[in-house]
There are 2 protein chains.
Amino acid sequence: MRYQQEEQFRFHILAMQRVGNRELTIHLKNLDLTPSQAEVLTVLNERSMLTLKEIGQHLICETGSPSRLVNTLVKNGLVEGKTDEQDQRARRYCLSDHGKQKWATVKQIEEQLYEHVQSIYTEEELNVMNQLLKKYIEQTEFQSVFRKRSLHVGDSVSEEL
Amino acid sequence: MRYQQEEQFRFHILAMQRVGNRELTIHLKNLDLTPSQAEVLTVLNERSMLTLKEIGQHLICETGSPSRLVNTLVKNGLVEGKTDEQDQRARRYCLSDHGKQKWATVKQIEEQLYEHVQSIYTEEELNVMNQLLKKYIEQTEFQSVFRKRSLHVGDSVSEEL
DNA sequence: TATAATTAAATGACGTGTCATTTAAAAAGG
DNA sequence: CCTTTTTAAATGACACGTCATTTAATTATA
């Protein structure tokens, strides 16, 4: 059958995303957080005082302006927003004390997930996949997210393969 | 930073899924279909007369019984359902003529996606990734989907790496 | 056989993702 | 300075994806 490897790759990616998301969802439920909300906390923990648009530019979970996502976090007291003084249209957001506290737990849950990944793959195997996946991502709009989030720093170009 | 490879892998998977889904969404929009709906058509093209539960067991896009997904396709005339004679609770679904026709176009769109993948990866690279991704999937509930869909048949075990 | 337990599907609820439209503020251009 | 264009954010709409609950039919069991 033609495209067998390509089809398998397509559904591997879909399945991996689903299974990872479910694993995160389960563990985050104790915190009353969704994976998307957790990603916002992570972004705001790394860089504070971002506008909605800037937050969107740091997220992989959503394009455009993640109004509802962030507003839910504001409503739940995890994020605080202040109107920008230079630009009355924009609001700048940061973690509240409660948000910072929750993020610490989110970090532990993420590390659980990473431990799970580590239990299946060697670092070398992860490196191989990351090198290859990066090749695809670099041709997409997400390339800038990885750059902004510093998710691609420190990569060593593989000599083998 | 600890877990750097693992974190990168996590977001690579998320970004790959998003970008692939968007690419499919754009091309399927001309057909008035979503990627999930297209997956149902593909499943029903491969195996007909499945119940809702069985369809769900062949889908990666959704767990549980995909009532609404399939009912939308019935409403749009792409899928037909008849009550099972042995079990009055269950309904068995198959593609309508219109559905078969649409699937032919869906197949072309999928092949476009696979051509795109091919333009970025060699078959050897795809094979490497598939071998590794399969290791993860095999430990999840999706393992049975890949088996049922025959998405893992014909894999040659890699000797290298 | 009558009742209880199981099962298939439908449905309600909620939070995304995505796109299109609207609103209001800022910038650009005359 | 006023009008037009651009821009940030909010909002409406729609289809998921997920979970919990309900409904109805089937099976198990006392």
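Residue numbering restarts at 1 for every chain, and letters A, B, ... go by the order of the sequence lines. Because the structure is a prediction, the values reported are computed rather than measured.
Atoms CZ (B:R18) and C1' (C:dT16) sit 9 Å apart, rounded to a whole Å. Counting to the nearest Å, the P atom of C:dC14 and the NZ atom of A:K29 are 13 Å from each other.
In this structure, B:R22 reaches the C:dT18 phosphate: one of its side-chain N or O atoms is under 4.0 Å from OP1 or OP2. Contact annotation: B:T72 side-chain N/O to D:dA15 OP1/OP2 distance is not under 4.0 Å. Put simply, A:Q37 has a side-chain N or O that comes within less than 4.0 Å of OP1 or OP2 on C:dT16. The side chain of A:S36 places no N or O atom within less than 4.0 Å of a non-bridging phosphate oxygen (OP1 or OP2) of C:dG15.
Atom NE2 of residue A:H27 and atom OG1 of residue A:T105 lie 13.5 Å apart, to the nearest 0.5 angstrom.
The base of D:dG17 is not paired with the side chain of B:R68 by any donor and acceptor separated by under 3.5 Å. Looking at B:R89, its side chain has no donor and acceptor atom pair within 3.5 Å of the base of D:dT26.
Checked against D:dA8, C:dA8, D:dA10, the side chain of B:D87 finds its nearest nucleotide in C:dA8.
The cationic group of B:R149 lies under 6.0 Å from the six-membered ring centre of A:F11 and within 45° of the ring axis, placing it in a cation-pi geometry.
Residue contacts shown for A:T34 are limited to sugar-phosphate atoms, with no base heavy atom under 4.0 Å away. At the heavy-atom level, B:T51 lies under 4.0 Å from the strands shown only through sugar-phosphate atoms.
Map A:Q88 and A:L69 each onto its nearest nucleotide of DNA chain C; the residue landing nearer the 5' end is A:L69.
For A:E125 and B:K135, the salt-bridge test passes: some basic side-chain N is under 4.0 Å from an acidic carboxylate O.
Note on ring orientation: taking the six-membered ring where Trp is involved, the planes of B:H116 and A:Y136 are tilted (angle from 30° to 60°).
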